[in-house]
Amino acid sequence: VADQYTRAAALLSEAVGTQADAWDVAGRISDDVVRHLAAHGILCPDVAEEFGGLGMTSRESGELAAITGSLCSSLRSLMTSQGMAAWALRRLGDDRQRAAFLPQMTSGTLAAVAFSESAAGSDLSAMSTQICPAGDRVKVTGEKVWVTGACYADVIVVFGRSGDGGTAVVVPADAPGVTVTRISDPLGCRAAGHAVVDLDEVDLCAADHLLGGVGMPLEWLVTSVLTHGRLSVGWGCVGILRACLAAAVRHANIREQFGRPIADHQLIARHLAELFVAEQAATRMCEHASRCWDDASPDQVSSAVAAKHFAATQAAKGAAAAVQVLASAGARDGHVVARAYRDAKLMEIIEGSSEISQLVLARHARQVLA
Ligand SMILES: Cc1cc2nc3c(=O)[nH]c(=O)nc-3n(C[C@H](O)[C@H](O)[C@H](O)COP(=O)(O)OP(=O)(O)OC[C@H]3O[C@@H](n4cnc5c(N)ncnc54)[C@H](O)[C@@H]3O)c2cc1C
């Protein structure tokens, strides 16, 4: 696996190269690059080798997400969605469904994950999409919003209501009744292919597409899949911090004002010190959360929420500091810190906003320390 990791990291860096800013401006990552990385299993690297995956630990997948996040947060967003979709299949699918879908996802098939609706953002219990089994068929009706990667996806894992509980279903993006409408001009992660997905009585074979039966507790269902996504986003934010730290140090060393490099001015040095500490601390939080995931620790959920919350908050703060250090040199599209500034802000909203994370963590602290 160590070799797999080195190879995957090299392939990623080579495939992205210096194209991230052009993709950001165009609002689309090169399809060839996305398919190439997906075909090598790099977008869901923790899928087991028996399904054609790279069999990486959470820590190794996390480091790959950090590399991706340092290069291109739009691509890291696709990686997060692919990873969550594959995890949903591993966690909720039966043996036949795993054997059918996972080898596709490690060899080029692209997936997105749809929870949110216009009236169900932070409060996913308000979801109204209906997933109704009838005999050997299942019908899906509803509208999902802000589905990352939907503009690239071949399949979408859709969560919804079924009777009193919840369930999930794998919906082919080209099935009759599915309409994917791109969300134009998002603040950040502009090439991540966010879309509204309309599902109008989409009719599927239940045995092939319905994951894990019906009537599961919706909160359990959503949390088990979001935890995977939170780890990925946390690591992606570590990558944003690394990119911002590198750009800020590079610039502060060469830009001279008042007769010396700006890094020698103490107020700029403080920005560099704070970025350095943020990167180190976020890395340690993500490492801990990944260890909890790999050990199936009881702290798996809380450590992932804490790591994502801390890393996202620090990435947003750190990217703003990096723009401050570069000033006019980093104040336009096409510069890594300008892109990071827009992308990082979104990290405080997705996979559980900062406020929702804080509520979850406060509840956890009260339970543990009562
Ligand atoms: C770039 C991007 C990518 C996304 N990708 C996906 C995806 O792939 N799949 C998917 O299903 N969804 C996705 N989403 C949707 C995302 O999960 C939601 O935007 C998020 O859950 C917040 O919901 P909302 O935007 O409706 O905000 P709201 O829920 O309306 O919240 C608005 C504000 O109120 C705060 N708030 C809400 N409730 C409380 C409370 N109880 N206490 C304190 N504060 C509260 C929130 O923290 C926020 O600050 C994405 C969104 C974005 C912006």
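We count residues from 1, following the sequence as given. Nothing here was measured: the structure is a model prediction, and the numbers come from that model.
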Participant: Which pairs count as ring-ring contact (aromatic ring centres under 6.0 Å, His included) when at least one residue sits in residues 17-53, sequence neighbours excluded?
Facilitator: His36-His40

Participant: I'd like to know if the side chain of Arg332 and the backbone of Ala338 have a donor-acceptor N/O pair within less than 3.5 Å.
Facilitator: no

Participant: Could you go through residues 251-270 and list every donor-acceptor pair under 3.5 Å that involves a side-chain atom there, pairing it with any protein atom two or more places apart or in another chain?
Facilitator:
unit_1	atom_1	unit_2	atom_2	d
Asn253	ND2	Val249	O	3.4
His265	NE2	Gln257	O	3.0

Participant: In terms of ring plane angle, is the pair Trp87 and His228 parallel, tilted or perpendicular, where the classes change at 30° and 60°?
Facilitator: parallel

Participant: Would Asp24 and Arg342 pass as an ion pair if we require N to O under 4.0 Å?
Facilitator: yes

Participant: Ion pair present between Glu351 and Arg230, side-chain N to carboxylate O less than 4.0 angstrom?
Facilitator: no

Participant: Indicate yes or no: does Asp208 engage Arg96 in a salt bridge with an N to O separation below 4.0 Å.
Facilitator: yes

Participant: Is it true that Asp294 and Arg59 make a salt bridge, defined as a side-chain N closer than 4.0 Å to a carboxylate O?
Facilitator: no

Participant: Crowded around Gln280 CD? As in, over 12 foreign heavy atoms under 6.0 Å?
Facilitator: yes

Participant: In plain terms, say whether Arg90 and Glu50 are close enough for a salt bridge, that is, a side-chain N and a carboxylate O under 4.0 Å apart.
Facilitator: no

Participant: Hey, is the main chain of Trp220 close enough, under 3.5 Å, to the side chain of Thr223 for a donor-acceptor pair?
Facilitator: no

Participant: Surrounding CG of Asp185 (heavy atoms of other residues, nucleotides or ligands, distance under 6.0 Å), is the total greater than 12?
Facilitator: no

